Amino acid sequence: MRITITFTPLFSEQVQAEECTVNVENGTCVRGLLDILIGKFGQGFRSVIPSSNDPPGILVVLNHRVVRDLNEKLADGDLIGFIVPPSGG
């Protein structure tokens, strides 16, 4: 399956790209994709991505909706992004 990942500035600084495409096996979940991206981009990427089902600070977006469960399965052609939700007051 072919998955496209877009990177906002926080992430693009870590990976030196604004977008990439990754081929994954059928049945790969969001968490599995994160592991693949850590392998591809290293520990700098790991430091800015979520590591649990309730990630603080960083949201994973799948096809323009926030992922609530990192075990959600991916499908061919999916679009993944990462956003930092607004905060402060």
Side-chain angles (χ1 to χ4, degrees):
M1 298 185 310
R2 193 172 173 100
I3 309 297
T4 300
I5 301 98
T6 58
F7 300 106
T8 58
L10 170 67
F11 297 95
S12 63
E13 290 176 16
Q14 294 295 326
V15 302
Q16 302 298 305
E18 293 181 6
E19 182 177 296
C20 78
T21 302
V22 177
N23 292 314
V24 299
E25 295 182 19
N26 286 336
T28 299
C29 64
V30 174
R31 184 182 310 278
L33 177 64
L34 295 177
D35 290 340
I36 290 167
L37 294 174
I38 290 167
K40 182 175 179 79
F41 297 116
Q43 293 304 312
F45 183 74
R46 171 177 241 140
S47 70
V48 293
I49 64 161
S51 59
S52 71
N53 280 340
D54 189 19
I58 302 297
L59 299 176
V60 179
V61 177
L62 171 60
N63 300 326
H64 308 290
R65 66 174 178 73
V66 174
V67 172
R68 302 280 182 216
D69 180 1
L70 295 179
N71 292 314
E72 182 172 344
K73 301 289 185 204
L74 298 169
D76 188 46
D78 278 349
L79 176 64
I80 292 282
F82 304 96
I83 58 172
V84 179
S87 63

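In what follows, residues are counted from 1 in the order of the sequence shown. Remember, it's a predicted structure, so these values are computed and weren't measured experimentally.
- Remark: L70 CG to D35 CG distance equals 10.0 Å, nearest 0.5 Å.
- Between E25 and M1, the closest heavy-atom pair is O-CE, 3.4 Å.
- Only one option out of V60, D69, N71 pairs with V30 in a side chain to side chain contact (heavy atoms under 4.5 Å, CB included); it is V60.
- Annotation: side chain of I80 is in contact with side chain of L74 (closest heavy-atom distance under 4.5 Å).
- Distance check, rounded to the nearest 0.5 Å: CD1 of I5 to CG of L33 gives 5.0 Å.
- Within the model, atoms CG of L34 and OG1 of T28 stand 11.5 Å from one another, a figure rounded to the nearest 0.5 Å.
- Once rounded to the nearest 0.5 Å, the distance linking CD of E72 with CZ of R65 reads 4.0 Å.
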side-chain contact (heavy atoms from CB on, under 4.5 Å), that's the test. Do T6 and F11 meet it? Break it down for me.
CA-CA 9 Å; T6 58; F11 297 95; over 6 Å; no
Show me the donor-acceptor pairs, under 3.5 Å and distance only, between side chains in residues 16-24 and residues at least two apart or in other chains.
residue, atom, partner, partner atom, Å
Q16, NE2, E13, O, 2.7

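- Between the CD1 atom in I38 and the CD1 atom in I36 there is a gap of 10.5 Å [rounded to 0.5 Å].
- Using a 4.5 Å heavy-atom cutoff, the side chains of V61 and F82 are not in contact.
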